[in-house]
Amino acid sequence: LALTLNTSWYWNRNERNTSADTDQMTVNIAPGFRWNMGYDFVLRGGYRYTWIDDREGSRSRERNLFFVELTKEFNIDLN
(Lines give C-alpha, C1' and ligand atoms only; values in the text may rest on other atoms or scores of the structure.)
Protein backbone atom coordinates (compact mmCIF):
# COMPACT_ATOMS: atom_id res chain seq x y z
CA LEU A 1 0.00 0.00 0.00
CA ALA A 2 1.34 3.42 -0.94
CA LEU A 3 -0.14 6.80 -0.07
CA THR A 4 0.14 9.60 -2.62
CA LEU A 5 -0.21 13.37 -2.62
CA ASN A 6 -0.30 15.45 -5.80
CA THR A 7 -0.57 19.23 -5.90
CA SER A 8 -0.56 21.67 -8.79
CA TRP A 9 -1.02 25.36 -9.44
CA TYR A 10 -1.35 27.20 -12.69
CA TRP A 11 -2.33 30.59 -14.01
CA ASN A 12 -4.20 30.85 -17.31
CA ARG A 13 -4.04 34.36 -18.72
CA ASN A 14 -4.88 35.49 -22.24
CA GLU A 15 -5.67 39.00 -23.42
CA ARG A 16 -7.66 39.01 -26.65
CA ASN A 17 -8.75 41.80 -28.95
CA THR A 18 -11.85 40.08 -30.39
CA SER A 19 -13.41 38.16 -27.46
CA ALA A 20 -13.45 37.95 -23.67
CA ASP A 21 -10.14 37.95 -21.79
CA THR A 22 -9.08 35.00 -19.64
CA ASP A 23 -7.44 35.40 -16.23
CA GLN A 24 -7.82 32.31 -14.03
CA MET A 25 -5.74 30.83 -11.22
CA THR A 26 -6.27 27.12 -10.45
CA VAL A 27 -5.11 25.07 -7.44
CA ASN A 28 -5.43 21.26 -7.22
CA ILE A 29 -4.82 19.07 -4.15
CA ALA A 30 -5.19 15.30 -4.56
CA PRO A 31 -4.42 12.74 -1.83
CA GLY A 32 -4.82 9.08 -2.74
CA PHE A 33 -3.61 5.51 -2.46
CA ARG A 34 -2.23 2.68 -4.60
CA TRP A 35 -2.47 -0.98 -3.59
CA ASN A 36 -0.81 -3.81 -5.52
CA MET A 37 -3.37 -6.56 -4.92
CA GLY A 38 -1.42 -9.42 -6.55
CA TYR A 39 -2.01 -11.29 -9.82
CA ASP A 40 -1.07 -8.00 -11.57
CA PHE A 41 -4.13 -6.15 -10.22
CA VAL A 42 -3.71 -2.61 -8.89
CA LEU A 43 -6.37 -0.68 -6.95
CA ARG A 44 -6.10 3.11 -6.91
CA GLY A 45 -8.35 5.63 -5.27
CA GLY A 46 -8.38 9.17 -4.10
CA TYR A 47 -9.92 12.57 -3.82
CA ARG A 48 -9.21 15.74 -5.79
CA TYR A 49 -10.11 19.25 -4.65
CA THR A 50 -9.92 21.98 -7.28
CA TRP A 51 -10.28 25.71 -6.65
CA ILE A 52 -10.56 28.08 -9.63
CA ASP A 53 -10.30 31.84 -9.13
CA ASP A 54 -11.70 33.70 -12.15
CA ARG A 55 -10.03 37.07 -11.75
CA GLU A 56 -11.59 38.49 -14.90
CA GLY A 57 -15.14 37.65 -13.76
CA SER A 58 -14.47 38.30 -10.03
CA ARG A 59 -15.80 34.89 -8.93
CA SER A 60 -14.43 31.55 -7.80
CA ARG A 61 -15.51 27.91 -8.15
CA GLU A 62 -14.75 24.72 -6.26
CA ARG A 63 -14.82 21.14 -7.54
CA ASN A 64 -14.68 17.88 -5.54
CA LEU A 65 -13.95 14.51 -7.15
CA PHE A 66 -13.73 11.04 -5.59
CA PHE A 67 -12.52 8.11 -7.68
CA VAL A 68 -11.67 4.39 -7.52
CA GLU A 69 -9.82 2.57 -10.33
CA LEU A 70 -9.04 -1.13 -10.75
CA THR A 71 -6.31 -1.96 -13.28
CA LYS A 72 -5.06 -5.29 -14.66
CA GLU A 73 -1.43 -5.04 -15.80
CA PHE A 74 0.04 -7.30 -18.51
CA ASN A 75 3.75 -8.08 -18.83
CA ILE A 76 4.99 -8.29 -22.41
CA ASP A 77 8.32 -9.96 -23.22
CA LEU A 78 9.81 -8.28 -26.30
CA ASN A 79 12.88 -10.57 -26.57
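Separating the CG atom in Leu5 from the CD1 atom in Ile29 is a distance of 8.0 Å, to the nearest 0.5 Å. Interatomic distance, Tyr49 OH to Arg63 CZ, rounded to the nearest 0.5 Å: 11.0 Å. Atom CD in Glu69 sits 9.5 Å away from atom CZ in Arg34 (nearest 0.5 Å). Of the inter-residue distances, the one linking Phe66 atom CZ with Asn64 atom CG reads 6.5 Å to the nearest 0.5 angstrom. With rounding to the nearest 0.5 Å, the separation of CD in Gln24 from CG in Asp53 is 8.5 Å. Distance CG/Asn36 to CZ/Arg44: 8.5 Å, rounded to 0.5 Å.
A 4.5 Å side-chain heavy-atom check between Phe41 and Leu70 finds at least one atom pair inside the cut-off. Residues Phe33 and Leu43 form a side-chain contact, since some pair of their non-hydrogen atoms from C-beta on lies under 4.5 Å apart.
Grouping the Ile, Leu, Val, Met, Phe, Trp and Tyr side chains by contacts below 4.5 angstrom, directly or via other members, places Leu1 apart from Val42. Hydrophobic clustering, with ILVMFWY side chains joined whenever heavy atoms are under 4.5 angstrom apart, keeps Tyr10 apart from Val27. Following chains of ILVMFWY side-chain contacts shorter than 4.5 Å, one cannot reach Leu3 starting from Leu65, and the two form parts of different hydrophobic clusters.
For the residue pair Thr50 and Asn28, a side-chain donor N or O sits within less than 3.5 Å of a side-chain acceptor on the partner.
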